[in-house]
There are 2 protein chains.
Amino acid sequence: MAPVTLDQVRCFIAVAEELHFGRAAERLSMTQPPLSRQIQKLETAVGATLLERSNRTVALTSAGSEFLEDSYRIFNALDQAVAHARRVESGSAGTVHLGFTATSAIRILGPLLVSLDKDLPDVQVILHERVTGGQVDGIRRGELDLGLARPPFDTTVLSSRVVAREPLYAVVSAAHPLATVEGPLGPEDLDGLPIISYHPVQARYFHELTVRFLVNGHSRIVQHVQQILTAMVLVAAGEGVALVPASASTLGVPGLVYKRLNDLEGGHPDSDPARPVELHAIWARGELTPLLRHVLHHVQEVATRHDDALKV
Amino acid sequence: MAPVTLDQVRCFIAVAEELHFGRAAERLSMTQPPLSRQIQKLETAVGATLLERSNRTVALTSAGSEFLEDSYRIFNALDQAVAHARRVESGSAGTVHLGFTATSAIRILGPLLVSLDKDLPDVQVILHERVTGGQVDGIRRGELDLGLARPPFDTTVLSSRVVAREPLYAVVSAAHPLATVEGPLGPEDLDGLPIISYHPVQARYFHELTVRFLVNGHSRIVQHVQQILTAMVLVAAGEGVALVPASASTLGVPGLVYKRLNDLEGGHPDSDPARPVELHAIWARGELTPLLRHVLHHVQEVATRHDDALKV
DNA sequence: TCGCACGATGCTCTGAAGGTATTGATGTCT
DNA sequence: AGACATCAATACCTTCAGAGCATCGTGCGA
């Protein structure tokens, strides 16, 4: 049982289209005798007569004309498979498992997906909402390709890049005395006030930002919440003051006033004191494939547009 | 630019599934070195790295795992193409262009299609309603494979076979004196009565049957219609008497009475005087493929069932 | 009736693909 | 830490599938 060969199918297509062995052979850049033999082999391999040939004429049998259609399909499938493999290697096609944190990255996901769908329509993004720690684990296990999370990370196995920076705001209830103060606030402006801060483990990043800002003041932390939205709701209820990223102002919680803060010194060397809240993209060190590079580029592009929109 | 070979794809599938060149080679009944070379050739032909291999381990790249899926598809398509070609050759799959005459064969088409769909689900029947002459032309031009028509035919280019015989009935209005006569009628019973006959060219077969039946009587033909249904409507309106095939009684024209006739002698040698109305299947002489044979068998089977139903 | 067009067949030879032996690199076990 | 085992890659040789050339057989047209 000799198997069917692609060459045989190629030969068959030529003969079926020309209905003439000589011309078909010419088209295939070969001579007629081996072409006849290839067709014979194909017919025995398929187990059916595909071409009815007298000494003077060639015609397709019904089995042959059906097989011709299928032959086209096979070659198209092969061509597409090759082209698709190339696109995947070049990063213009493929699948990306993208992790994100609910409260921080969710705002850029919509524009990101739109932008990717426009530029890289063959790239499929599968979203995974996880806390930073979960994203790190996912990347190490190969479940995620890219994460959008808050520092710090284990830089021995992960690479990261800042994709967005934004200012830290104080948020106070509209009825609060601070609501009408002019100019940026310093820690001393919060002296004696109740502060809504964040969970030291579950929301470590914002907890540390808050602590860093308050370090030289004399305020007191009265709550440790896990979600920024929770903090804002508590502030609206008059429970105290909270520090939130600038983009939180677009969450639309009513009855709140957002106040600029003095620059926050003491971050890592590359940080921007005016925009201390950083969102990082993270991935497995050494696994920055062309596809990830493309997606990362779109993430930064979208995040930058988002930041600009916040400035205006 | 060496083209992709099926052997290369086969090798790739084995390696991709085993993730081990040695085991994959064993599965392919070959040794490891040529397998390595086949994979290399495939990768250069595709233009992408499909397998990431260190000296100790083999892993699929993302391009490779996508190509693996496509590889399965290609092999499935090939297998199906081969199987389909065999089925078409054996006659258990394919397409049949079937001609039929509106008034005569239409009653068996429904059961025929049901029966074919049950036994030969991969056979597609395309119906063409044509008069006998149109069917003959269609068969000669290759537009039709099989026809259901009335004799005579040009037997030098067509083969034919009787698929159904049925009695000829006289149909009279319920108010007519003949409606109450007992026993089969002879031509003398119609003496002096107005007869509805058929168009000598367009409905030649029934015209000749009518003339043959009346040849020794003294009735007069007052109409030449083209359709059996037309004749029956005229009879119901009291315009005269008509001769119709037995199956016409199932057309459901109200106010009619069907009378048996004496046997009709003088047909061709094989004819049955009690059932002189014949339906023939016709096809291009020498073109009785297995598929046509199957379909023809179903036609006869269904027509026989139909006849039996009429007898009861 | 002859000749020609065209597919099939026989024979030879080349080159692609397979096999054996070996290398080189990388984990693993003691 | 060193000896060993494992596994893919490479080198070299061998074989057979497939290509080309020459020829045959047979219908169709002049």
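Within every chain, numbering begins at 1; the chains are lettered A, B, ... in the order of the sequence lines, protein sequences first and strands thereafter.
For A/Arg204, the side chain to side chain donor-acceptor pair (under 3.5 Å) partners are A/Glu208, not counting sequence neighbours. Residues passing the side chain to side chain contact (heavy atoms under 4.5 Å, CB included) test with A/Gln300, sequence neighbours excluded: A/Arg161, A/Val163. A/His128 pairs by the ring-ring contact (aromatic ring centres under 6.0 Å, His included) definition with A/His97, not counting sequence neighbours. Annotation: ring-ring contact (aromatic ring centres under 6.0 Å, His included) contacts of A/Phe12 (sequence neighbours excluded): A/Phe67.
Residue pairs that meet the side chain to side chain donor-acceptor pair (under 3.5 Å) test with at least one member in residues 145-156 of chain A, sequence neighbours left out, are A/Ser104-A/Arg150, A/Asp154-A/Thr156. A ring-ring contact (aromatic ring centres under 6.0 Å, His included) check over residues 18-46 of chain A, counting only residues at least two apart or in different chains, returns nothing. Applying the side chain to side chain donor-acceptor pair (under 3.5 Å) test to residues at least two apart or on different chains, the pairs with a partner in residues 280-296 of chain A are A/Glu278-A/His280.
Chain A approaches DNA chain D within less than 4.0 angstrom (heavy atoms of the protein), and the contacting nucleotides run 5' to 3' from D/dG18 to D/dC28.
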Checklist entry - Which nucleotides of nucleotides 7-17 of chain C have their base under 4.0 Å from a protein heavy atom (B), which only their sugar-phosphate (S), and which neither (-), written as one string 5' to 3'? => result BBBBB-----S

